[in-house]
Visitor: 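This structure is in structure tokens; I'll ask about it shortly.
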Amino acid sequence: MTTMPGLLPLARHYYEARREVLLAGGRQATPWYLLSSDEHAVAIAEAKIVVEAIRRVDEERAVLLGGADRALPTAGDAAVA
């Protein structure tokens, strides 16, 4: 089972990783610490989607391996840290 980070750190690292990819492609993106509160909210919502996708993969794997008890918590269970 994978240990999931809190949503805020996940959102920040996901956003900054995406920003680095954009920069490598010649596109500018605002650094995390300069985002507006609305932009932070969007990044956190995206982190919830990532957590949900990981939960679904883990649940699918657990079902396929016959151990449904190994599924990750839902995106709603992850606390903002």
Side-chain angles (χ1 to χ4, degrees):
M1 173 153 83
T2 303
T3 302
M4 292 302 299
L7 284 176
L8 188 58
L10 178 61
R12 185 180 72 248
H13 287 289
Y14 177 75
Y15 179 85
E16 285 297 330
R18 182 174 58 192
R19 189 171 85 79
E20 291 171 10
V21 169
L22 290 172
L23 286 171
R27 298 202 49 200
Q28 293 293 321
T30 305
W32 173 263
Y33 63 91
L34 293 177
L35 294 179
S36 69
S37 58
D38 286 343
E39 290 169 320
H40 278 136
V42 168
I44 290 168
E46 290 176 344
K48 288 178 184 179
I49 293 168
V50 170
V51 169
E52 179 61 17
I54 292 169
R55 185 200 63 79
R56 289 179 185 194
V57 166
D58 195 56
E59 184 178 74
E60 177 183 62
R61 182 181 60 221
V63 168
L64 292 173
L65 295 175
D69 60 322
R70 292 182 283 191
L72 289 174
T74 64
D77 294 339
V80 175

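Computed from a prediction, not measured in an experiment: that's the story for all the values here. Nothing fancy with the numbering, it's 1 onward along the sequence.
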Visitor: CG/L8 to NE2/H40 distance, rounded to the nearest 0.5 angstrom?
Guide: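 If I round to the nearest 0.5 Å, the distance is 7.5 Å.
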Visitor: What are the two closest heavy atoms between A47 and L10, and how far apart are they?
Guide: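 For A47 and L10, the tightest heavy-atom pair comes out as O-CD2, 3.8 Å.
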Visitor: Looking at CG of D58 and CZ of R61, how far apart are the two atoms once the value is rounded to the nearest 0.5 Å?
Guide: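 The distance works out to 4.5 Å.
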Visitor: May I ask you to say whether R55 pairs ionically with E59, meaning some side-chain N is under 4.0 Å from a carboxylate O?
Guide: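 A salt bridge is present here (some side-chain N lies under 4.0 Å from a carboxylate O).
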Visitor: For A43 versus A11, what's the shortest heavy-atom pair and its separation?
Guide: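 Heavy atoms of A43 and A11 come nearest at O-CB, 3.6 Å.
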Visitor: Tell me which pairs pass side chain to side chain donor-acceptor pair (under 3.5 Å) where either residue lies in residues 6-21, with sequence neighbours left out.
Guide: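 Residue pairs passing side chain to side chain donor-acceptor pair (under 3.5 Å), neighbours aside: E16-R19, R18-E46.
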